Number of protein chains: 2
Amino acid sequence: MDKSSGIANDIGRSGLKRTKHRTVILEILEKSDQPMTAEQIFLKMGQEGIAVSLSTVYRAVESLAQKKLVTALEISGSNKTLFEYNRKIHRHYLVCLGCRKIRAIAHCPLKDYEEDLAAETDYLISGHKLVIYGYCPDCRKNAAMTPKEWS
Amino acid sequence: MDKSSGIANDIGRSGLKRTKHRTVILEILEKSDQPMTAEQIFLKMGQEGIAVSLSTVYRAVESLAQKKLVTALEISGSNKTLFEYNRKIHRHYLVCLGCRKIRAIAHCPLKDYEEDLAAETDYLISGHKLVIYGYCPDCRKNAAMTPKEWS
DNA sequence: ATAGCAAATGCGTTTCATTCGCAATAAAAT
DNA sequence: ATTTTATTGCGAATGAAACGCATTTGCTAT
């Protein structure tokens with residue numbers, strides 16, 4: 001079996017034990033175009049015939065997040081934590097208030113701003129989190145629908 | 001009693017009943033330089049000798065938030081919702097990862113960016129949420145301390 | 001004012017995401 | 001192969017927030 005590349009090996013290299021469950025979880029996240037909740041991962045594994053306990057999914061995503069293999073997102077509008085495969089690219093999110101789909105934004109408009117802010121406040125800036133809310137093209141027509149809160 | 005200005009009257013004008021509890025809660029938030037959790041408000045009221053049920057605090061901040069008199073913040077690092085008096089100014093937050101103090105930032109670097117993004121994605125942009133993380137001047141020296149997660 | 005009504009409150013209970021304890025199991029180290 | 005150590009399963013615990021319902025309080029029209 002190939003041990004020098006792939007997701008399973010990323011886990012090994014991280015210092016975590018390379019278990020079946022963690023491998024599958026990371027693969028599921030890698031394939032998903034949307035961040036997923038622990039429960040969604042759990043259900044997906046069930047569909048794929050992989051028996052796993054929900055606690056294990058929680059513990060797996062937590063350890064994978066600690067090792068930076070996945071990223072945990074807290075995007076309001078749901079009280080559930082979302083997890084996504086860490087593609088090692090700094091990105092932001094555009095959340096559709098209609099269908100709740102999450103779209104990643106590659107461009108970061110804040111690079112320069114952080115420097116200005118550091119100079120102004122004398123803070124040591126570590127990073128930032130930006131989420132933008134709106135309605136996607138498909139949902140624009142229905143934008144009058146219940147505007148779910150976001151702030 | 002003055003009925004044409006002040007916090008109590010803001011509540012009345014919002015369509016909510018002007019109750020003692022809601023008035024006190026809004027006053028507490030107005031005086032606080034930090035956003036507060038429901039429980040902090042509850043405790044503060046206790047200190048001030050005002051008997052109130054925690055459920056009531058939750059319901060009060062919820063209704064006040066609905067009427068836009070207070071703003072609910074979900075800043076990760078704690079799973080508790082923070083509430084702040086709505087000073088009707090669009091603002092962002094600078095969270096110190098050391099002492100967890102929250103400082104408001106008046107300048108918003110995203111005004112132009114939203115337009116570009118709308119043009120690029122064909123989304124109807126409603127708003128955004130930006131939180132910046134770092135270490136305040138006091139905490140910089142200890143920046144090596146356990147860096148609490150923020151993403 | 002005051003009676004009548006809808007909204008707000010208290011208190012206890014419930015929900016729901018997430019975490020934890022502990023015994024059983026599987027992965028890495030020796 | 002055997003020991004060591006991390007991971008898993010299961011059920012129970014936690015903790016923030018929501019809820020049901022009986023009671024009380026603020027408004028509003030008389």
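Just so we're on the same page: letters track the sequence lines, and every chain starts at 1. This is a predicted model, so every value here is computed, not measured.
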Salt bridge A/Asp10-A/Lys67, side-chain N to carboxylate O under 4.0 Å
no
Look at the side chain of A/Lys17 against the base of D/dT5 and say whether a donor-acceptor pair falls under 3.5 Å; ignore hydrogens and angles.
yes
With no hydrogens and no angle check, just 3.5 Å: does a side-chain donor-acceptor pair link A/Arg22 and A/Ser63?
yes
Neighbours of DNA chain C within residues 38-63 of chain B, by heavy-atom distance under 4.0 Å
B/Ala51, B/Val52, B/Ser53, B/Ser55, B/Thr56, B/Arg59
Give the intermediate values and the outcome of side-chain contact (heavy atoms from CB on, under 4.5 Å) for residues A/Val95 and A/Arg100.
CA-CA 6 Å; A/Val95 179; A/Arg100 288 277 154 193; 4.3 Å; yes
For the side chain of B/Arg22, starting at C-beta, report the closest nucleotide among C/dA8, D/dT7, D/dA17.
C/dA8
For [X] and [N], give me the distance from atom [atom1] to atom [atom2], rounded to whole Å.
X       : N      : atom1 : atom2 : result
B/Ile11 : C/dT9  : CD1   : C1'   : 15 Å
B/Leu73 : D/dA17 : CG    : P     : 12 Å
A/Leu16 : C/dA28 : CG    : C1'   : 13 Å
A/Lys20 : C/dA27 : NZ    : P     : 10 Å
A/Glu74 : D/dA16 : CD    : P     : 15 Å
B/Met36 : D/dA17 : CE    : P     : 14 Å
B/Lys67 : C/dA7  : NZ    : C1'   : 12 Å
B/Lys80 : C/dT18 : NZ    : P     : 16 Å

So which one's nearest nucleotide on DNA chain D is more toward 5', A/His21 or B/Thr19?
A/His21
Select base, sugar-phosphate, or nothing to describe what B/Thr37 touches, counting heavy atoms under 4.0 Å on all strands.
nothing
Taking the nucleotide of DNA chain C with the nearest heavy atom to each, does A/Gly12 or A/Leu82 sit closer to the 5' end?
A/Leu82
Any [X] side-chain heavy atom under 4.5 Å of [Y] side chain:
X        : Y        : answer
A/His92  : A/Ile132 : no
B/Ile102 : B/Leu82  : yes
B/Tyr85  : B/Ile7   : yes
B/Lys101 : B/Asp138 : no

Would you call the rings of B/His128 and B/His90 parallel, tilted or perpendicular if under 30° counts as parallel and over 60° as perpendicular?
perpendicular
Verify the cluster assignment for A/Val131 and A/Leu73: are they in a single hydrophobic cluster under the rule of side-chain heavy atoms below 4.5 Å apart?
yes
Rounding to 10 degrees, work out the angle separating the end axes of the helix from C/dA1-D/dT30 to C/dT30-D/dA1 (five pairs an end).
40°
